[in-house]
Amino acid sequence: MSNDHQAYLAKRQLKRGTAGWILLAGLGVSYVISGDFAGWNFGIAQAGWAGFAIAAVLMGLMYLTLVLSLAEMSAAIPAAGGGYSFARQAMGPTGGFLTGLAVLIEYALAPAAIVIFIGSAVEALLGFSGPWVYAIFYLVFVGIHLAGVGEALKVMMVISGLAVFAIVATGVALVMHFDINNLFDIAMTDANGASELLPLGWYGVWAALPFAMWLFLAVEGVPLAAEEAKDPGKDVPKGIIGAMVFLLFTALMVVVLVPGAAGAKAMGDSAVPLVDALNATGNTSLATLVNVLGLAGLVASFFSIIYGYSRLVFALSRAGYLPKSLSLTTERKVPARALIVPGIFGFIASLSGEGDLMLAMAVVGATVSYALMALSHILLRIKQPDLPRPYKTPGGVVTSGIALVLSLIALTGVYAFDPRAFFFTMGLFVIGAVYYFGYSRKHLVAKSADEEFAMLAEAESDLAAA
């Protein structure tokens, strides 16, 4: 490797060995946990309870098959770019960029949506909200990440633990009030194919898919921590699968017990379904506590997705897809500019106040990336059968094939719910493609993913020797 490349990569190093599998599983739960508190329930208003349950099972299957596919690829290709790195190995520089751009749209817009919801929660608790609240949350939590990855992940575990406690306590309190009739209290409409079980017909199930995704959205970000894991080949698969199993459990709990205790119709329209369900069943003290801890859930997801976007921007910048200055790291091995610059863009986006639109656009980016990541798994199995795979996906390409088909169906579900979000996000893809084909394609650091990873490994061994 040339001295120029060595000097370039020496300024772009993350802190190795910071995260074991439990911390990585905690990161996976933290990405998603706010989705258990609110957002998913609007799917009941779109489809009725049974229709939403069908959507939730389909999306749970999509995420489970995707996670099992990602577990194999993250063990074989332990790079900070996550899905982008897998796609680059499987589909070359252009496939890598499109996947990275899709994940970046998801991870840059999701915190903007979440900080708007945080503002609403702060207003409910303290009586004020607005741009100052958004700015304070961005400043504080980007600031904690700048202190170092180990410190940030530990803070995240504590906040996530409080949020998980709130969900489990809610489930325990509501189980005594469960009545199956409450799940079916939405009147049948004249929608095509409507029945007592599906009061808004099959179109409602389709439109409910994006809300069902909110129960699992962003768990796929665990591999973004691969370069900071203690033993990536073992820790990342255990971490992402452990997080997914736990999230399936919490999803089942809220989807069944919350409307089963307080009624599907009321919960389909609720801004804070766990709190409203507890109040409706007389658990007012716990409702107040869960209202406060619901803010912890939002903060946990906000905080962890900031971590996710910084590692993705770092990896895309280090490879030359984004401006190379964004991947410079501090003495603490923190990618400071990759934390700050997307945070500024996210804050500007949050000023729109349209959290639902940001969320729907994030889902479009997510579903495009899922399809490309699942396709990467299939292509890597075909093109590189001898690639060392410390973990192998059960079911092989059948499993990733299910993830591919369901992610394409989920993408169309966003169009069914909000065509605006679909077209706005496609506009972001066009802008990104113009930048890539017009400039960054000619300025990549390495010709292939293999070459980039080999350069990284050599730079690290040289630094260790020094």
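Remember, it's a predicted structure, so these values are computed and weren't measured experimentally.
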Item checked: N283 side, atom CG; T170 side, atom OG1 - distance, nearest 0.5 Å -> 9.0 Å
Item checked: Heavy-atom pair with the smallest gap, counting every atom of E106 and G365 -> CB-C, 4.4 Å
Item checked: Check: A416 main-chain N/O paired with Y203 side-chain donor or acceptor under 3.5 Å -> yes
Checklist line | Distance, nearest 0.5 Å, that separates CG of L316 from OG1 of T99 | finding: 10.0 Å
Notebook entry, point to check: Are side-chain heavy atoms of M91 and L375 found at a separation under 4.5 Å?
Noted result: yes
Next item on the list: With rounding to the nearest 0.5 Å, note down the distance linking OG1 in T367 to OH in Y415.
Entry: 14.5 Å
Checklist line | Sidechain-backbone polar pair: N41 side chain, G39 backbone, donor-acceptor under 3.5 Å | finding: yes
Item checked: ring pair (Phe, Tyr, Trp, His ring centres under 6.0 Å) assessment of Y321 paired with Y84 -> CA-CA 11 Å; Y321 285 103; Y84 135 73; 5.4 Å; yes
Check: Can you tell me how far the NZ atom of K238 sits from the CG atom of D235, to the nearest 0.5 Å?
Finding: 6.5 Å
Checklist line | Minimal non-hydrogen separation, I22 against M157, with atom names | finding: O-CE, 4.0 Å
Notebook entry, point to check: How long is the gap from OG on S327 to CZ on R311, to the nearest 0.5 Å?
Noted result: 12.5 Å
Check: Centroid-to-centroid, F52 to W49, below 6.0 Å?
Finding: no
Note to self: I'd like to know whether NZ of K383 has more than 12 heavy-atom contacts from other residues, nucleotides or ligands below 6.0 angstrom.
What the structure shows: yes
Notebook entry, point to check: Under 4.5 Å between any side-chain heavy atoms of Y436 and L101, yes or no?
Noted result: no
Margin query: More than 12 heavy atoms of other residues, nucleotides or ligands under 6.0 Å from CD of E196: yes or no?
Written below: no
Notebook entry, point to check: Looking at R88 and A319, what are the two nearest heavy atoms and their distance?
Noted result: NH1-CB, 3.6 Å
Check: Just checking, any donor-acceptor pair under 3.5 angstrom between side chains of H145 and S310?
Finding: no
Next item on the list: Give the C-alpha distance, both sets of side-chain angles, the deciding distance and a yes or no for ring pair (Phe, Tyr, Trp, His ring centres under 6.0 Å) between W214 and F211.
Entry: CA-CA 5 Å; W214 198 225; F211 299 100; 9.4 Å; no
Checklist line | Verdict with reasoning, Y107 to Y309, per ring pair (Phe, Tyr, Trp, His ring centres under 6.0 Å) | finding: CA-CA 5 Å; Y107 272 60; Y309 78 53; 8.2 Å; no
Check: Under 3.5 Å, is there a donor-acceptor pair between the side chain of D185 and the main chain of K265?
Finding: yes
Check: What are the two closest heavy atoms between L109 and A349, and how far apart are they?
Finding: CD2-CB, 4.4 Å
Next item on the list: Would you confirm whether S301, through its side chain, and S34, through its main-chain N or O, come within 3.5 Å as a donor-acceptor pair?
Entry: yes
Check: Do S74 and V222 come close enough that some side-chain heavy atom pair is under 4.5 Å?
Finding: no
Check: Between the main-chain N or O of P199 and the side-chain N or O of T189, is there a donor-acceptor pair closer than 3.5 Å?
Finding: yes
Check: Does the pair R381 and R389 meet the rule for a side-chain contact (heavy atoms from CB on, under 4.5 Å), with working shown?
Finding: CA-CA 10 Å; R381 280 288 186 102; R389 291 172 167 86; 3.9 Å; yes
Next item on the list: List the steps, then state whether side-chain contact (heavy atoms from CB on, under 4.5 Å) holds for L58 with L406.
Entry: CA-CA 7 Å; L58 288 172; L406 288 173; 4.1 Å; yes
Note to self: Looking at F184, I want to see if its CZ is surrounded by more than 12 non-hydrogen atoms of other residues, nucleotides or ligands under 6.0 Å.
What the structure shows: yes
Notebook entry, point to check: Does some side-chain heavy atom of L64 sit less than 4.5 Å from a side-chain heavy atom of M244?
Noted result: yes
Margin query: I'd like to check L24 versus I240 (side-chain heavy atoms, cut-off strictly below 4.5 Å). Are they in contact?
Written below: no
Next item on the list: Please step through side-chain contact (heavy atoms from CB on, under 4.5 Å) for the pair D36 and I33, ending with a clear verdict.
Entry: CA-CA 6 Å; D36 281 334; I33 199 69; 3.8 Å; yes
Next item on the list: First locate atom CG of L293, then atom CD1 of I167, and finally report the distance between them rounded to the nearest 0.5 Å.
Entry: 10.0 Å
Margin query: Is the shortest side-chain heavy-atom distance between M59 and L215 below 4.5 Å?
Written below: no
Check: Any side-chain donor-acceptor pair under 3.5 Å between E72 and T393?
Finding: yes
Item checked: side chain to side chain contact (heavy atoms under 4.5 Å, CB included) partner of V364, chosen from I105, D418, T425 -> T425
Check: Do the side chain of S30 and the main chain of A300 share a donor and acceptor less than 3.5 angstrom apart?
Finding: yes
Next item on the list: State, with a plain yes or no, whether a side-chain heavy atom of V122 is found less than 4.5 Å away from one of S129.
Entry: no
Note to self: Show, in sequence, the C-alpha distance, side-chain angles and deciding distance for Y134 and I348, and conclude whether the side-chain contact (heavy atoms from CB on, under 4.5 Å) test is met.
What the structure shows: CA-CA 10 Å; Y134 307 160; I348 293 167; over 6 Å; no
Check: Got L68 and T65 here, is their nearest side-chain heavy-atom distance under 4.5 Å?
Finding: no
Check: What are the two closest heavy atoms between V254 and W40, and how far apart are they?
Finding: O-CH2, 3.5 Å
Next item on the list: Please check if the side chain of S270 supplies one atom and the backbone of A266 the other of a donor-acceptor pair under 3.5 Å.
Entry: no
Check: Where do A374 and A403 come nearest, in terms of heavy atoms and distance?
Finding: CB-CB, 4.0 Å
Next item on the list: State which residue, out of F137, Y31, F141, fulfils the ring-ring contact (aromatic ring centres under 6.0 Å, His included) condition with F303.
Entry: F141
